[in-house]
Amino acid sequence: MESVLKGVRGGECVLDLSPRSTVGGGVEDIYGEDCATEDQLITPWTFSVASGCSLLRDPQYNKGLAFTEKERDAHYLRGLLPPTVSSQELQEKKLMNSIRQYEVPLQKYVAMMDLQERNERLFYKLLIDNVEELLPVVYTPTVGEACQKYGSIFRRPQGLYISLKEKGKILEVLKNWPERSVQVIVVTDGERILGLGDLGTQGMGIPVGKLALYTALGGVRPSSCLPVTIDVGTNNEKLLNDEFYIGLKQKRATGKEYYDLLHEFMSAVKQNYGEKVLVQFEDFANHNAFELLAKYGTTHLVFNDDIQGTASVVLAGVVAALKLIGGTLPDHKFLFLGAGEAGTGIAELIALEMSKQTKAPLEESRKRIYLVDSKGLIVSSRKNSLQHFKKPWAHDHEPVGTLLEAVKIIKPTVLVGTSGVGKTFTKEVIEAMALNNKIPLILALSNPTSQSECTAEEAYTWSEGRAIFASGSPFDPVEYNGKVYYSGQSNNAYIFPGFGLGIIISGAIRVHDDMLLAASESLAKQVTDEHYAKGLTYPSLTDIRKISANIAANVAAKAYELGLATRLPRPENLVKYAESCMYSPLYRNYR
Ligand SMILES: NC(=O)C1=CN([C@@H]2O[C@H](COP(=O)(O)OP(=O)(O)OC[C@H]3O[C@@H](n4cnc5c(N)ncnc54)[C@H](OP(=O)(O)O)[C@@H]3O)[C@@H](O)[C@H]2O)C=CC1
Ligand SMILES: CC(=O)C(=O)O
Ligand SMILES: [Mg+2]
């Protein structure tokens, strides 16, 4: 719904919130102000121009010492600020100096969150300009620790908490959120937070962090982003017994109770924000994640980052790596440790791409890919007891109990870790990979760093410097035998911000696998000879906004091709259009 300035009443500017035509699929009069009868309740929305202290306390508009003399006069700020007027660059320099002084990553995280709550544009300026340095602070690995301690560091709500207590009232809860033009929701139920397990409502750090990346990396306006945590309880005994735990102190609801709440949420989202709000599922446990994606994939605009975003980023890294390891994608043999969301999601997209290249049936391509779970290699003799998403990977093969045996017998060229368990790529496993391959491709994707299947140093040392390595959480360059080795970050953060932007700019109404392939293709193409020379299979994060704009354009182009785009006519130059839509963190001048 559009809003226009209507007039000034009693010193407050009043906005006309009457419904306009909404191409965005939002229903007219969504808040029911017009049609409510006298006995029905409505939301008393008012908008006023902030000035004085309330302007300084509004993170969206606060500029701190960067308010000009003229603005200080016009907005009743005289005396509320010291006399100096700083530039945004100087503010950035000062804050980076102070953040760099913290030695403990969690302190840096808290400082960044404080900044986000104080001065949003400055927060994004820091994050965009110092992305390599600050990504590990607001995202993995530090966000993992922040979630573990979220109860203690919680200050102000950064998103919506929807618990079983709100059952039957979720639409009202959504209306409590101050922003109306929401375009992306990242939602978790906190059951599988990174590789750290069930953190209940403390998982809120994940949607908050992911959406910060939507803005910083993908250019989606902060006001269009809504972090949500669904609280159905937790099975984490430590949290249940923690007096500072901020969530519902009960065991997780399951079955009908769980799915009814999720259904109410999904319906309320559509009712409140229309057809074209993108709902990104994040860090649900796999026993719900696949079902939710399948259930809402045909009725809502949904995307599971752990299954689909991860698949797209890993396929890109593997395709790019072919320049270094040789062969075509179908020439390679893959072995996964971990057969959950990430593992089977990646495996399926790789098989899909192989089949597109070879024109062979998907079942044939799947035969090049093997997965090991906590019970060993997934083979046909286990089929009856396997979760449904593992069944396509139950090949006719003798049972194999351990990863090491599987590496020795299957002789994969690519080893992928998606187990959530650290240190599982042992010296013997990496040595076996190095014995079978001149250049083994090793991807340790589990997060945070403590759960990484191996470190960069281990991968290079144990393979005698021959491995191409990438990981979910970043590792510093490693020196081995006098040579410096660089490893890439194989993390869905390369994909979802640009992917989401592509959906928004095209007005896509559904996510299609070909859009994931389009994102992947774009990312792989942006790896240059300069990166290859360093052994990198992903482009530099410092260019992430350009990378995201290109991904967005490719995804949007695919949405138009598939007839899923509703923003018509199609912009001619989609890259330029994507760039022009991106949020800028530079301060605006106030009248
Ligand atoms: N880099 C990135 O961008 C991303 C990384 N991840 C990371 O991947 C990890 C897994 O996530 P996800 O797939 O969603 O989790 P899931 O819980 O869906 O899957 C985990 C899988 O690992 C298996 N597993 C667990 N322990 C072992 C073990 N000791 N040996 C062998 N297999 C084991 C499980 O086996 P079983 O089924 O038998 O229980 C299961 O198949 C997490 O750490 C997450 O942070 C996830 C998404 C993106
Ligand atoms: C990166 C991510 O989405 C995860 O580890 O779950
Ligand atoms: Mg995730």
Side-chain angles (χ1 to χ4, degrees), residues 135-136 139-141 143-144 147 186-199 203 205-207 209-210 213 280-291 293 303-317 335-349 370-378 382 385-391 393 400-406 415-426 429 443-453 470-475 487-497 523 538:
L135 205 61
Y139 190 55
T140 183
V143 72
C147 288
V186 175
V187 57
T188 188
D189 72 356
E191 191 167 6
R192 194 286 279 144
I193 294 299
L194 307 177
L196 302 170
D198 183 351
L199 296 183
I206 296 295
K210 291 271 176 185
L213 270 49
Q280 174 165 321
F281 293 118
E282 194 70 53
D283 291 11
F284 283 73
N286 62 37
H287 52 91
N288 292 319
F290 287 98
E291 200 165 330
L293 185 60
F303 167 70
N304 184 301
D305 188 34
D306 300 300
I307 301 171
Q308 299 173 299
T310 315
S312 187
V313 78
V314 175
L315 174 62
L335 179 65
F336 285 74
L337 182 73
E341 293 165 67
T344 61
I346 301 164
E348 193 65 15
L349 201 68
Y370 294 80
L371 291 99
V372 170
D373 66 10
S374 65
K375 297 186 181 64
L377 188 67
I378 297 183
R382 293 178 54 196
S385 62
L386 290 174
Q387 287 159 289
H388 67 93
F389 50 86
K390 291 179 183 171
K391 287 190 196 242
W393 308 101
V400 178
T402 67
L403 177 67
L404 181 59
E405 280 177 88
L415 180 65
V416 188
T418 51
S419 62
V421 184
K423 304 271 166 232
T424 35
F425 290 175
T426 58
V429 166
L443 308 174
L445 302 182
S446 292
N447 296 315
T449 316
S450 57
Q451 312 309 111
S452 188
E453 282 78 8
S471 53
S473 299
F475 283 102
S487 57
Q489 190 174 352
S490 186
N491 192 295
N492 48 34
Y494 269 107
I495 290 290
F496 69 79
L523 179 58
Y538 289 99

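Note that ligands are numbered from 1 as they come in the structure, with each ligand's atoms numbered from 1 the same way.
Ranking the protein heavy atoms by distance from atom 19 (O) of ligand 1 puts Gly340 CA, 3.3 Å first. If you check which protein heavy atom lies closest to atom 24 (N) of ligand 1, you get Ser419 O, 3.8 Å. With respect to atom 11 (O) of ligand 1, the closest heavy atom belonging to the protein is Arg192 NE, 3.6 Å. From the protein, the heavy atom lying nearest to atom 6 (N) of ligand 1 is Leu445 O, 4.0 Å. Given atom 41 (O) of ligand 1, the protein heavy atom at minimum distance is Ala339 N, 2.8 Å. Of all protein heavy atoms, the one closest to atom 48 (C) of ligand 1 is Thr310 OG1, 3.0 Å. Residue, atom and distance of the protein heavy atom nearest to atom 27 (C) of ligand 1 are Val421 CG2, 3.9 Å. Counting protein heavy atoms only, atom 23 (C) of ligand 1 is closest to Gly338 CA, 3.8 Å.
Of all the heavy atoms of Gln451, none lies under 4.0 Å from any atom of ligand 1, so neither backbone nor side chain is involved. No part of Ala493 comes within 4.0 Å of ligand 1, judged by heavy-atom distances. In Asn491, the part holding a heavy atom less than 4.0 Å from any atom of ligand 2 is the side chain. Residue-level proximity to ligand 2 for Phe496 is absent, since no heavy atom of it falls below 4.0 angstrom. Looking at Leu337 against ligand 1, only its side chain comes within 4.0 Å, counting heavy atoms.
For ligand 1, the atoms sitting less than 4.0 Å from at least one non-hydrogen atom of Thr418 are 10 (C), 20 (C), 21 (C), 22 (O), numbered in the order shown with element in parentheses.
Closest to atom 34 (C) of ligand 1 by heavy atom, among Gly422, Ser471, Ser374, is Ser374. When Glu453, Lys390, Glu282, Gln387 are ranked by how near their heavy atoms come to atom 37 (O) of ligand 1, first place goes to Lys390.
Here the options are Thr188, Asp283, Asn492, the test is side-chain hydrogen bond (donor to acceptor under 3.5 Å, both in side chains), and the partner is Lys210; only Asn492 passes.
In this structure, Thr140 falls outside the shell of residues with a heavy atom less than 4.0 angstrom from ligand 2. Every heavy atom of Gln489 sits 4.0 Å or more from the atoms of ligand 1.
Within the coordination shell of the Mg ion (ligand 3), defined by N, O or S atoms under 2.8 Å, Asp305 is absent.
Not less than 6.0 angstrom separates the ring centroid of Phe496 from the ring centroid of Phe303.
In this structure, the side chain of Gln489 engages the main chain of Gly472 through a donor-acceptor pair within 3.5 Å.
Using cut-offs of 30° and 60° on the angle between ring planes, the pair Tyr494 and Tyr538 is parallel.
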